[in-house]
2 protein chains.
Amino acid sequence: MSTADRLVTAAAELLDSGGESAVTLRAVGAAVGMSHNAPYKHFHNREDLLAAVATVDFNAVAATWAQLRASQREPLERLLGALEVMITFSVEHPARYRLLFNNPSIAAQGGPLTHAAHRALDEFALVVETCQAEGVLPNTPSSTLAVIIFATLHGLLDADASGRLRPRTGWNSVLTGMRAFIELLG
Amino acid sequence: MSTADRLVTAAAELLDSGGESAVTLRAVGAAVGMSHNAPYKHFHNREDLLAAVATVDFNAVAATWAQLRASQREPLERLLGALEVMITFSVEHPARYRLLFNNPSIAAQGGPLTHAAHRALDEFALVVETCQAEGVLPNTPSSTLAVIIFATLHGLLDADASGRLRPRTGWNSVLTGMRAFIELLG
DNA sequence: ACCTGAACACCGTTCAAGT
DNA sequence: ACCTGAACACCGTTCAAGT
């Protein structure tokens with residue numbers, strides 16, 4: 001495992017355990033047994049390191065979705081499965097989820113991160129397309145429908161993270177809301 | 001205008017001009033001609049000051065929506081108008097928008113902020129209800145439908161802020177996407 | 001009650017120096 | 001090429017002191 005990879009892993013673990021503010025270069029350096037200056041030999045700055053974490057996570061999510069697409073489950077089950085992957089990730093790694101979808105300054109970096117984000121959303125769009133081909137979802141342009149569905153998912157996750165979802169809807173999970181939403185579409 | 005109000009106004013202006021990182025207590029203090037320590041006499045800490053900005057903004061949005069509801073426009077136009085209010089706010093005050101809907105640690109503070117957020121979302125739900133009564137929107141429980149619509153709006157705004165909306169959909173604005181979405185519902 | 005200025009324990013980042 | 005340690009210019013927050 002390269003030093004760069006170990007730094008990214010350490011940053012991801014710090015995000016999980018203490019949130020974004022816990023990811024100081026000093027803490028990252030200490031986690032890999034180096035000085036607080038070591039990250040600068042592998043990343044341009046702190047944001048660049050965080051972007052590397054996001055890139056890894058986008059690729060991991062995309063890979064999970066690709067696996068799901070290759071499975072033999074029913075189209076609608078595949079879509080709900082894809083949503084569940086994202087929901088689970090946001091629950092288990094809230095700070096890293098925010099890095100993926102709530103951080104304009106990091107998204108603006110472009111480069112490999114943008115590429116990974118595109119790849120992930122393309123994979124999601126393919127799952128949506130399968131549902132459309134089977135008549136489970138309306139026949140609007142698949143790229144825009146995928147964006148709408150994903151936007152709704154993200155919006156519900158954010159509302160949930162802010163504690164504004166449960167008291168208002170009574171839903172026991174974001175997935176319950178997404179089921180209701182997909183039913184509205186179909 | 002009380003010192004507390006001036007501090008909140010200064011913080012809001014700093015958010016607009018330089019984003020959240022520009023809101024240092026030293027900058028806020030200087031903006032009102034006081035020391036960097038003055039805010040502590042009116043707010044518990046930096047987060048508390050930011051929460052006060054969010055509270056003011058939630059109330060302003062709620063007031064605009066209330067005005068819209070009292071107008072004599074068509075139900076669907078009122079809904080689109082309500083969406084446009086939020087879109088405009090997010091474009092003109094991106095950092096303050098993120099404070100309202102993208103900041104779990106601030107939302108978790110509870111108190112007047114949570115109250116203002118509820119008031120705003122209640123107002124939005126009433127606009128949705130009117131559309132349902134007129135048969136423009138499906139007849140699901142209005143509180144959950146309002147949450148779904150708002151979640152989709154927020155998701156599209158976030159995708160737009162991350163630069164991931166236009167290249168994928170070609171929509172010239174988030175409102176275009178919301179029109180497509182509402183058409184899907186109706 | 002409200003405000004100031006010094007002080008403290010942090011940060012990210014830069015730079016000279018080492019291997 | 002990779003890494004270290006000192007240094008710099010910041011932060012939020014605390015505290016003693018003033019009015």
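Each chain gets a letter, A, B and so on, in the order the sequences are listed, and its residues count up from 1. Side chains are part of it too, since the values below use all heavy atoms of this structure and drop only hydrogens, waters and symmetry mates. The structure presented is a predicted model; accordingly, all values stated were derived computationally and were not measured.
Between H44(B) and dT13(D), a side-chain N or O to OP1/OP2 separation shorter than 4.0 Å is absent. A sub-4.0 Å separation between OP1 or OP2 of dC3(D) and a side-chain N or O of H36(A) is absent. Distances shown here put every side-chain N or O of Y40(B) at or beyond 4.0 Å from the OP1 or OP2 atom of dC3(C). Between T3(B) and dC3(C) there is a side-chain polar atom (N or O) within less than 4.0 angstrom of OP1 or OP2.
In this structure, R26(A) and T24(B) both approach DNA chain D, and ranking their closest nucleotides by distance from the 5' end singles out R26(A).
When each of dT13(D), dC3(C), dT14(D) is scored by its nearest atom to the side-chain atoms of N37(B), the top-ranked nucleotide is dT14(D). Nearest to the side chain of S35(B), among dT13(C), dT4(C), dT4(D), sits dT4(C).
If you check dA9(D) for Watson-Crick or wobble pairing at under 3.5 angstrom, you find it has no partner at all. Pair check for dC3(D) finds none; no Watson-Crick or G-U wobble contact set falls under 3.5 Å.
One N or O on the side chain of S90(A) and one on the backbone of I87(A) form a donor-acceptor pair closer than 3.5 Å.
A side-chain contact (heavy atoms from CB on, under 4.5 Å) with L50(B) is found for exactly one of L113(B), V8(B), L15(B), N103(B), namely L15(B).
Atom-to-atom, CE of M34(A) to P of dC3(D) comes out at 4 Å; the value is rounded to the nearest Å. Here the P atom of nucleotide dC2(C) and the CG atom of L7(B) are 12 Å apart, to the nearest Å. What separates NZ of K41(B) from C1' of dC15(D) is a distance of 9 Å, to the nearest Å. Following rounding to the nearest Å, L25(B) (CG) and dT14(D) (C1') show an atom-to-atom distance of 13 Å. Between the CG atom of N45(A) and the P atom of dC10(D) there is a distance of 18 Å, rounded to whole Å.
In summary, D158(B) and R98(A) do not engage in a salt bridge, as defined by a charged side-chain N under 4.0 Å from a carboxylate O. With respect to R96(B) and E20(B), no salt bridge is recorded, no charged nitrogen being found less than 4.0 Å from a carboxylate O.
Two rings, from F89(A) and F101(A), have their centers 6.0 Å or more apart.
Nucleic acid contact for V32(A): none, since no nucleic acid atom lies under 4.0 Å from a heavy atom of the residue. V28(B) comes within 4.0 angstrom of no nucleic acid atom, judged by non-hydrogen atoms across all strands.
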